[in-house]
Every structure is written in structure tokens, then in C-alpha cells.
Amino acid sequence: MSAFDRKALIDKNDKDFSVRLQCSMLEIHRSGLYYTPTQASTEGLAFMRRIDELHLEDPTLGTRRLSKILTREGKPIGRTRVGRLMRIMRITAIYRAPRTTIADPLKYKYPYLLRNLRIVRSNQVWMIDISYIPMPKGFMYLFAIIDVHSRHIVGWSISNSMEAEWVCKCIKEAIHIYGKPEIINSDQGSQFTSDVYIKLIKSYQTIKISMDGKGRAIDNVYIERFFRTIKYDKLYIEPSKDGLTLYKRYKEFIEYYNKRRLHSSLDYKTPLEVYKNAA
């Protein structure tokens with residue numbers, strides 16, 4: 001059960017079981033039971049929206065240059081605040097690591113398995129990621145799973161939080177419908193290094209876990225390109241006023257993307273056509 005569902009089981013009026021005991025039994029931090037998330041300020045949301053647009057235009061922009069650009073646009077903001085907003089949005093600048101640097105395999109749990117790998121069939125490699133979605137009065141997150149060979153979106157979900165359970169539920173549904181991939185690649189976000197996620201993927205036994213190198217967002221390039229496409233072709237053209245509208249518009253776009261949108265990299269075929277032919 002997700003943390004949200006476990007919290008719903010708490011009965012604060014139960015005379016036999018104290019709230020402390022119920023939280024202990026359900027593995028919930030008592031402080032989290034009383035915590036109410038604060039809504040981002042209008043100014044903060046405006047900064048996040050513009051940072052997202054700038055990142056889509058140039059993913060190499062770091063906190064220093066983003067701060068300078070926003071200040072020149074008449075929106076003064078410090079580098080520290082830009083960094084904090086980028087962390088909320090799960091945005092990381094792409095940069096080239098020094099050639100003399102040797103990655104320490106102990107700093108992340110699983111290696112990147114896609115380097116020099118020929119991807120020639122469907123369900124050989126899936127890429128997964130989470131992207132920030134600006135809203136008029138807040139923000140939400142989109143989780144998506146793309147089959148690299150066909151560019152077919154095999155799974156997606158929208159949420160106002162980024163719990164690992166949410167990610168795992170979507171992956172389980174995709175596997176139930178399309179079968180198991182050979183490799184699932186992600187970044188090193190907390191959802192994908194969590195015990196819940198690792199345990200789920202390992203439970204399928206034959207699926208290999210692959211993770212991007214630190215600061216190497218380009219390692220997950222296909223899902224990043226999909227996020228860019230869906231934002232420019234749908235989100236920024238038709239802003240959603242609420243979560244239900246957002247869900248309907250994303251469902252509509254992904255149906256179009258999978259079944260009708262021709263890709264030059266796929267010899268002008270649709271992702272669904274390539275996925276079925278190569279499966």
C-alpha cells in the first residue's frame with residue numbers, strides 16, 4: 001500500500017489503539033500524519049515555469065546561467081534559489097565530466113548498461129523518468145515509460161507527488177500489458193534507488209537494472225526527448241486548469257503519439273507499428 005493509503009487507515013478517535021501505535025504498525029512517521037504541504041507562491045511557480053522552458057531550450061544551463069538569464073529578463077533571482085527550484089522539478093543540467101575523472105561504482109548502485117549496446121527489438125530496453133508539469137496554481141509530475149527501439153510509450157501516470165510506490169504501480173501495469181523488458185534504464189533519482197523500486201525490478205528476475213551516470217541526463221535521452229515533445233506540442237499550447245483536464249489531454253496526446261504521429265527516425269512509421277512488428 002502507498003503511504004497515502006496507509007495514512008487513510010489511521011483512526012484518531014480509536015480508544016484502544018493510540019495514534020502513535022497505529023503509526024508504528026503502519027510504518028508511518030507520526031509527524032507526516034499532521035503535515036499539510038504548503039502551496040508554492042505565485043512568484044515561485046512563475047520562476048519554475050520559465051526555468052522549465054529554458055531547460056527545454058538548452059539543457060546545459062546550470063544554476064549560474066539560469067540566474068543570470070532570469071535577472072536580465074527582469075526577474076531577479078539568486079543562484080541558490082534556482083538550484084532549490086530545479087531540485088523540486090527534478091531538473092539537472094547536462095554537462096561533460098572531466099576526461100580525467102573515473103566514476104566510482106560505489107557511488108551508485110547499478111551501472112549504465114546501454115553504452116555501445118545495439119538496440120534492435122522491442123522490449124529490449126525501456127527508459128523511465130519523471131518530469132515536472134507546471135499548472136496555474138501548482139505543479140504535478142508525469143512518469144513515463146518508453147520502449148527505446150520503437151519509441152512506443154508503454155506506460156505513463158500523473159501525480160502530485162513522487163512516491164516510489166506510484167512509479168512501481170505504473171511499471172507493474174506496463175509489464176502486465178506488454179511483458180517484461182530485458183533492461184530498464186533510469187536516472188539515480190530517489191524513486192529509482194529506493195528499496196521499493198529495486199525490490200520490484202529484482203522480483204521479475206530476468207530484468208536488468210541500468211542507471212545513468214551522475215550529471216548525465218543525456219544517458220536517458222529518448223525519454224527526455226519525449227518530455228520535450230509533449231510539453232511543446234501539447235502542454236504549452238493547451239495549459240490545463242486542473243488535474244482531470246491534464247489527465248485527459250495527456251491521454252489524448254499519448255494516443256496520438258503512439259498511433260498516429262510519424263517519426264523520421266522510424267522511417268516515418270508510428271511507434272505502435274514499429275513496436276508490433278519488432279515484438
*Is a side-chain donor or acceptor of Ser24 paired with a backbone partner of Arg20 at a separation under 3.5 angstrom?*
no

*Charged N to carboxylate O under 4.0 angstrom, Glu252 versus Arg249?*
no

*What residues join Met25 in its hydrophobic cluster, counting side-chain heavy atom gaps under 4.5 Å, either direct or through other members?*
Phe17, Leu21

*Find out if a path of hydrophobic residues (ILVMFWY) with successive side-chain heavy-atom gaps under 4.5 Å connects Ile171 to Ile177.*
yes

*Please name all residues satisfying side chain to side chain donor-acceptor pair (under 3.5 Å) with Thr193, sequence neighbours left out, ordered by chain then number.*
none

*Check salt bridge (Lys or Arg N to Asp or Glu O under 4.0 Å) between Lys251 and all other residues, then give those that pass, not counting sequence neighbours.*
none

*asked:* For Tyr141 and Phe139, I'd like to know if the aromatic rings sit close, meaning centre-to-centre distance below 6.0 Å.
replied: yes

_side chain to side chain contact (heavy atoms under 4.5 Å, CB included) between Leu117 and Ile119, intermediate numbers included_ = CA-CA 6 Å; Leu117 176 68; Ile119 301 174; 4.3 Å; yes

*Single-linkage hydrophobic cluster Ile128~Val196, side-chain heavy atoms < 4.5 angstrom*: no

*May I ask you to say whether Glu255 pairs ionically with Lys259, meaning some side-chain N is under 4.0 Å from a carboxylate O?*
yes

_Tell me every residue that passes side chain to side chain donor-acceptor pair (under 3.5 Å) with Gln205, counting only those two or more places apart in sequence or in another chain._
none

*By ring pair (Phe, Tyr, Trp, His ring centres under 6.0 Å), which residues pair with Tyr247, not counting sequence neighbours?*
Trp156

_salt bridge (Lys or Arg N to Asp or Glu O under 4.0 Å) partners of Glu182, counting only residues at least two apart_ = Arg121

_Common cluster, Leu272/Tyr257, ILVMFWY with side-chain heavy-atom separation under 4.5 Å_ = no

*asked:* Quick check on the hydrophobic clustering: are Ile146 and Leu262 connected, directly or via other members, by side-chain heavy-atom contacts under 4.5 Å?
replied: no

*Hey, are Lys234 and Glu238 close enough for a salt bridge, meaning a charged N less than 4.0 Å from a carboxylate O?*
yes

